[in-house]
There are 2 protein chains.
Amino acid sequence: MLNKDQIKQLFPDWEDGLYESIIEHAELRTAPAGATLLKMGQNIKSTMLVVEGTVKLYQENEEGAEYFMYHLNPGEACAVTMVCNYHLEQSQVLAKAVTDVSFLAIPIEFMDKWLNQYKSWHYFVIRTYRLRYEELLKTIHETAFKNMDERLEFYIKRQVKQFGNTLKLTHQEIANDLNTSREVVSRLLKKMENHQWIVLNRNSFEWIKKD
Amino acid sequence: MLNKDQIKQLFPDWEDGLYESIIEHAELRTAPAGATLLKMGQNIKSTMLVVEGTVKLYQENEEGAEYFMYHLNPGEACAVTMVCNYHLEQSQVLAKAVTDVSFLAIPIEFMDKWLNQYKSWHYFVIRTYRLRYEELLKTIHETAFKNMDERLEFYIKRQVKQFGNTLKLTHQEIANDLNTSREVVSRLLKKMENHQWIVLNRNSFEWIKKD
DNA sequence: TATTGACTGTGATATTTATCACAAAGTCCT
DNA sequence: AGGACTTTGTGATAAATATCACAGTCAATA
């Protein structure tokens with residue numbers, strides 16, 4: 001388990017008691033890159049606070065197609081798993097580890113208790129929802145209004161922000177995230193290369209557009 | 001202004017002090033059907049709690065195209081306007097009155113104060129975010145995975161849930177909400193009529209599909 | 001170095017959606 | 001009744017995206 005200072009660094013401004021409750025009741029779990037942390041429809045048993053690594057949040061449809069929504073980084077939390085008593089407890093999202101990750105898992109029975117007990121937890125929950133809500137708005141904006149070339153550019157920029165200019169992604173992986181086909185992604189990337197926005201390599205490419 | 005009992009009926013389970021603060025500081029405003037209540041990019045000055053009527057929430061793009069996300073009903077609140085100190089205060093959504101509406105407008109300077117002061121307000125804010133977040137997830141699901149025929153069906157079902165089986169909507173209005181063109185909507189509605197899902201009239205149609 | 005498998009490029013074609021064009025039908029107003 | 005305007009229907013065509021087919025390239029490894 002982490003010690004108080006380590007938790008405090010990730011989640012500043014909490015009450016002392018909250019840190020102690022975390023240490024007492026949370027479990028520090030790890031998962032390797034690529035692991036599925038939460039499936040759609042799965043019963044939610046614990047809240048997830050990211051400690052190390054990056055988590056990707058998806059929508060998923062009946063056939064298993066995926067749609068990328070946003071990233072979670074250390075110090076951030078999964079809004080969906082912050083279940084309160086008055087609400088359904090089935091996950092509506094799919095969460096996957098992008099890198100090796102570690103996270104704090106808190107059994108959901110503490111959610112209501114802590115909301116009552118710790119003001120700083122209350123604020124944290126609100127902040128988490130607000131940030132995720134805003135990410136969803138951006139995702140809707142791209143999806144509803146833009147063509148695939150612009151959506152791909154938006155997607156790449158998000159990745160660049162997360163991981164830097166050199167991205168280790170295959171065309172197929174990108175196509176999965178955007179719910180399109182590999183061929184479409186290949187052709188659009190080739191166009192971006194012609195416009196000198198990227199340099200293409202096998203299994204990776206580099207974002208070089210300056211704007 | 002509403003009296004305490006009226007507010008209590010719409011927003012049950014609040015603390016007494018919160019009702020009194022509402023009465024003291026909130027303003028009861030009205031707007032006619034079709035009015036714009038909140039523009040994208042607009043500075044948020046007050047939180048909106050719906051008292052009567054139905055409000056529609058949209059995303060909007062640079063060219064003024066709209067994309068319908070969800071409805072707000074009496075007793076519900078606009079998550080976007082529940083601004084806390086630590087966050088930007090520019091609206092990322094467009095809100096319009098569908099019917100004549102009345103709503104309570106609370107200056108945002110009370111948000112932080114009330115979060116500190118009233119536990120029930122805190123819960124209300126979390127609940128609001130959670131409900132809106134879930135609506136956004138549904139919207140993304142439809143937009144990302146479905147073709148226009150299925151999206152139109154989903155849209156109509158949402159409207160039916162709100163307003164009953166007879167919907168007073170022109171094809172152009174539907175097209176605007178779904179960010180598509182009037183012709184596409186006309187053709188798809190005609191198909192639905194052939195399948196006996198709807199009965200078409202001028203300026204309205206009726207949902208008769210049983211499933 | 002030969003084979004295998006994953007990844008990429010690209011033409012051809014199909015499907016979906018958008019756009020243009022115009023006619024027909026309903027509504028409102030005088 | 002006669003316009004003027006809004007709404008709806010529908011063909012023709014264009015543009016965007018999806019799907020199929022297949023070849024070429026790279027990397028791992030037996």
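All chains are named by letter (A, B, ...) in the order of the sequence lines, taking the proteins before the strands, and each is independently numbered beginning at 1. Basis for what follows: all heavy atoms, side chains included, without hydrogens, waters or symmetry-related copies.
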Does A:R132 qualify as a cation-pi partner of A:Y70, given the criterion of NZ or CZ under 6.0 Å from the six-membered ring centre and within 45 degrees of its axis? yes

I need the full list of salt bridge (Lys or Arg N to Asp or Glu O under 4.0 Å) pairs touching residues 37-54 of chain A, with sequence neighbours left out, sorted by first then second residue.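 Applying salt bridge (Lys or Arg N to Asp or Glu O under 4.0 Å) to every pair that reaches into residues 37-54 of chain A, excluding sequence neighbours, yields nothing.
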
Test side-chain hydrogen bond (donor to acceptor under 3.5 Å, both in side chains) applied to [X] - qualifying residues, sequence neighbours left out:
X      : value
A:K96  : A:E66
B:T143 : B:Y67
B:E193 : B:K190
A:E153 : A:K157, A:K209

Can you check the [X] [atom1] to [N] [atom2] distance for me, whole Å?
X      : N     : atom1 : atom2 : answer
A:Q172 : C:dG9 : CD    : C1'   : 14 Å
B:E173 : D:dT7 : CD    : P     : 8 Å
A:K190 : C:dC7 : NZ    : C1'   : 13 Å
B:K168 : D:dT7 : NZ    : C1'   : 16 Å
B:L167 : D:dT8 : CG    : P     : 13 Å
B:L169 : D:dT8 : CG    : C1'   : 15 Å

Please tabulate, for side-chain N and O atoms in residues 166-173 of chain A, each donor-acceptor pair with protein atoms closer than 3.5 Å (sequence neighbours left out).
from: A:T170; atom 1: OG1; to: A:E173; atom 2: N; distance (Å): 3.2
from: A:H171; atom 1: ND1; to: A:S186; atom 2: OG; distance (Å): 2.8
from: A:Q172; atom 1: NE2; to: A:N176; atom 2: OD1; distance (Å): 3.2
from: A:E173; atom 1: OE1; to: A:T170; atom 2: N; distance (Å): 2.9

Which residues in residues 58-70 of chain B have a heavy atom closer than 4.0 Å to any atom of DNA chain D? none

Counting only non-hydrogen atoms, which of residues 192-205 of chain A are less than 4.0 Å from DNA chain C? A:L200, A:N201, A:R202, A:N203

[X]: what forms a salt bridge (charged side-chain N to carboxylate O under 4.0 Å, His left out) with it, not counting sequence neighbours?
X      : value
A:R29  : A:E27
B:R202 : none
B:R158 : B:E135

Indicate whether OP1 or OP2 belonging to C:dG9 is found under 4.0 Å from a side-chain N or O atom of A:H171.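 Indeed, a polar side-chain atom of A:H171 lies that close.
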
Generate the contact string for nucleotides 13-23 of chain C. Rules: B means base contact, S means sugar-phosphate contact only, - means no protein heavy atom under 4.0 Å. ---SSSBBB--

Is it true that a side-chain atom of A:H71 and a backbone atom of A:K56 form a donor plus acceptor pair closer than 3.5 Å? no

